[in-house]
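Just follow the structure's listing: the first ligand is 1, and inside any ligand the first atom is 1.
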Amino acid sequence: MLYLMLRPVESRDMRFWPVQPPSFRSSVDRYSAEAAKVVSCLLRFMAVDMGVEPERLLELFGGQPQTMKVTYYPPCRQAGKVIGLSPHTDACAMTLLLHVNDVQGLQIRRDDGKWLDVEPLDGALTVFVGGVIEILSNGRYRSVEHRAVVHPDKERIAAAMFHQPLQSIMVEPLPELVKKDGGGARYKSVGYAEFMRRFFSAKLDGRKSHLDHFRIY
Ligand SMILES: O=C(O)CCC(=O)C(=O)O
Ligand SMILES: [Fe+2]
């Protein structure tokens, strides 16, 4: 697995950036900028869809914090007995996932609890709504649970670009949405640092999803 901080650009620590192949650094730099553009475009569309001022949503993502995780899943003869990546919902705001080779491995959990294969489509990215957007949107956009399985004889590579909000924000339903929904806030308000702390301790707390902690029933 390779995990790099990409944005804001000042957060890059070049000691951890591979120098081989020689095109790696410039390709990742360009990919980072393009992914950030796609995300701001999607955030704009979502704001319009929710009836919220787009700038109001985008300002929570100033500098467009972004990290990249590239995962190599080796083949495993006993594929049915192992898991590539255990079930989770992404903690960030939005993930763009690139299926680097066309080996299937990603699955999402349907409402009936069954796992559904997500087929990699040539030239397409898979977008995950993260926990931050689920809460900001007061549950209009849901963060789907997903996992990765491995293949008995093929390797698989997936590159995820995680987009985070600013460290300083409160993760809470946008007040204008709560007003519009009429039914009140469906999530508690929490600082982003505490939100992340809960994400990393969810398994230790025995919770299925770290979002359960913030839901108001
Ligand atoms: O490898 C995949 O397809 C999924 C990766 C993922 O869900 C993650 O890194 O959060
Ligand atoms: Fe994920």
Any Tyr73 heavy atom less than 4.0 Å to ligand 1: yes
Ligand 1 versus Leu97: contacting region, heavy-atom distance under 4.0 Å: side chain
Point-to-point distance, once rounded to the nearest 0.5 Å, from CD of Gln64 to CG of Leu166: 10.0 Å
Stepwise ring-ring contact (aromatic ring centres under 6.0 Å, His included) test for His151 and Tyr73: CA-CA 8 Å; His151 196 279; Tyr73 300 97; over 10 Å; no
Flag side-chain contact, heavy atom, 4.5 Å: Pro173 against Ile135: yes
The Fe ion (ligand 2) - closest N/O/S atom in Asp90: OD1
For the Fe ion (ligand 2), the closest N/O/S atom belonging to His146: NE2
Atom nearest to the Fe ion (ligand 2) - His88, N, O or S atoms considered: NE2
Side chain, backbone, both or neither: the part of His146 lying under 4.0 Å from ligand 1 by heavy atom: side chain
Distance-only N or O hit between ligand 1 and Asp90, under 3.5 Å: yes
Ligand-residue contact atoms, ligand 1 with Lys69, heavy atoms, under 4.0 Å: 8 (C), 9 (O)
Candidate with minimal heavy-atom separation from atom 4 (C) of ligand 1, of Thr71, Leu98, Val103, Leu106: Leu106
Ligand 1 atoms in contact with Phe162 (distance to a heavy atom under 4.0 Å): 8 (C), 9 (O), 10 (O)
Protein heavy atom at shortest distance from atom 5 (C) of ligand 1: Leu85 CD2, 3.6 Å
Heavy-atom gap Arg147 to ligand 1 smaller than 4.0 Å: no
Audit row: Glu176, Lys179, salt bridge (charged side-chain N to carboxylate O under 4.0 Å, His left out) steps and yes/no: CA-CA 5 Å; Glu176 52 268 55; Lys179 215 161 140 197; over 6 Å; no
Protein residue, atom and distance nearest to atom 10 (O) of ligand 1, heavy-atom basis: His88 NE2, 3.0 Å
Distance-minimising heavy-atom pair for His210 and Thr89: ND1-OG1, 4.0 Å
Side chain to side chain contact (heavy atoms under 4.5 Å, CB included) assessment of His146 paired with His88: CA-CA 6 Å; His146 54 284; His88 64 281; 3.0 Å; yes
Identity and separation of the nearest protein heavy atom to atom 3 (O) of ligand 1: Arg156 NH2, 2.7 Å
Geometric cation-pi criterion, Arg147 with Trp115: 6.0 Å, 45°: yes
Gap between atom NZ of Lys188 and atom CZ of Arg215 - 0.5 Å precision: 11.5 Å
Connected via hydrophobic side-chain network under 4.5 Å: Phe128 and Ile133: no
